[in-house]
Amino acid sequence: MKAMILSASPRRDGNSAALAQAAARGIRQSGHEAELLYADEFLEGFLRDCRQCRREDGTCGIADGFGDVFLDHYLPAEGFIAATPIYWYGMSAQLKAFFDRAFCYVSASYPEADRVVNALMGKRIGLLLSSEETYPDVGAGIIHQIQEHSRYTNSTFVGHVHGIGNSRAEVARDPSQPLKRAEEFGERFFSAHTSDYRIDSERSGKVWGPSDGAHA
Ligand SMILES: Cc1cc2nc3c(=O)[nH]c(=O)nc-3n(C[C@H](O)[C@H](O)[C@H](O)COP(=O)(O)O)c2cc1C
């Protein structure tokens, strides 16, 4: 399987990029494919009023690389991992714009909206956060938003890794070893056990089987 990892910080050598590279390493070590992309290389603008900039054939008229990445890299991938710095207790504008711009392709005016909606669903989704502050809920708003996005798109939120750092790549010095955790997260990204029960979900009463590494 293949995961697209999006580093959504303007700092190419920053903490999001370091976490994203670690997760990509882990995914590749587990025998899957990982493609790491940097938002600033293809995303140059926010969502606009589609009525103003949609072309006559229904396609998006914003002339940057988002359409190609979204259609040819994001949609075909079975997994998506977003790496974002925490900005004002939220995600970076780059990551938000990435999600917002998808609107042009799922709206009914886009000629292949049905195909896009189908391809948007059913992904495994992960999140990598970096922040200066350490308090546990500093990233809670972002985690909640990605969880809701996953629910809305019938996808599976696998989890998140949070590293602390402020200067470039300083997460490497975080004693909680977020780069190691991001690599392990990548290794387990496509195989990790996930659950999101409804009250009538069938379940065995146990979570771990003998093959999950649990001790009896
Ligand atoms: C505009 C801006 C807003 C920020 N807001 C927060 C914040 O609300 N909480 C926090 O802990 N760190 C905040 N930070 C610090 C970054 O989250 C931190 O430096 C992060 O590691 C940067 O990641 P990067 O190297 O991938 O860019 C902010 C930084 C910037 C530039």
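Since the structure is predicted, the reported quantities are computational estimates derived from the model, not experimental observations. First listed ligand is number 1; within each ligand, the first listed atom is number 1.
The protein heavy-atom contact nearest to atom 27 (O) of ligand 1 is Ser9 OG, 2.6 Å. Remark: minimum distance from atom 11 (O) of ligand 1 to any protein heavy atom is reached at Glu133 N, 2.7 Å. Here the protein heavy atom with the shortest distance to atom 15 (C) of ligand 1 is Asn166 OD1, 3.5 Å. Nearest to atom 25 (O) of ligand 1 among the protein's heavy atoms is Asn15 N, 2.7 Å. Protein heavy atom in closest approach to atom 5 (N) of ligand 1: Trp88 N, 2.9 Å. Residue, atom and distance of the protein heavy atom nearest to atom 12 (N) of ligand 1 are Glu132 N, 3.3 Å. With hydrogens left out, the protein atom closest to atom 2 (C) of ligand 1 is Tyr87 CD2, 3.4 Å, a heavy atom.
Closest of all the heavy-atom pairs between Phe46 and Ala93 is CE2-CB, 4.1 Å.
Between Phe70 and Tyr105, the two ring planes are tilted [angle within 30° to 60°].
For His144, the ring-ring contact (aromatic ring centres under 6.0 Å, His included) test picks out no residue, with sequence neighbours left out.
Ionic pairing of Arg181 and Glu184 is not present here: no N-O contact between side-chain nitrogen and carboxylate oxygen is shorter than 4.0 angstrom.
A donor-acceptor pair is defined here as one N or O able to donate and one able to accept, closer than 3.5 Å; no such pair exists between the side chain of Asp40 and the backbone of Ala8.
For ligand 1, none of its N or O atoms has an N or O atom of Ala17 under 3.5 Å away. Below 3.5 Å of separation, one finds an N or O of Ile86 facing an N or O of ligand 1.
Contact atoms of ligand 1 toward Gly165: 18 (C), 19 (O), 20 (C), 21 (O) (distance under 4.0 Å to a heavy atom of the residue).
Alongside Tyr38, the hydrophobic cluster contains Met1, Ile5, Leu19, Ile27, Leu36, Ile81, Leu128, Val158, Val161, Val171, Leu179, Phe185, Phe189, Phe190 (criterion: ILVMFWY side chains under 4.5 Å).
Arg203 and Ser195 are not linked by any side-chain donor-acceptor pair at a separation below 3.5 angstrom, with hydrogens and angles left out of the test.
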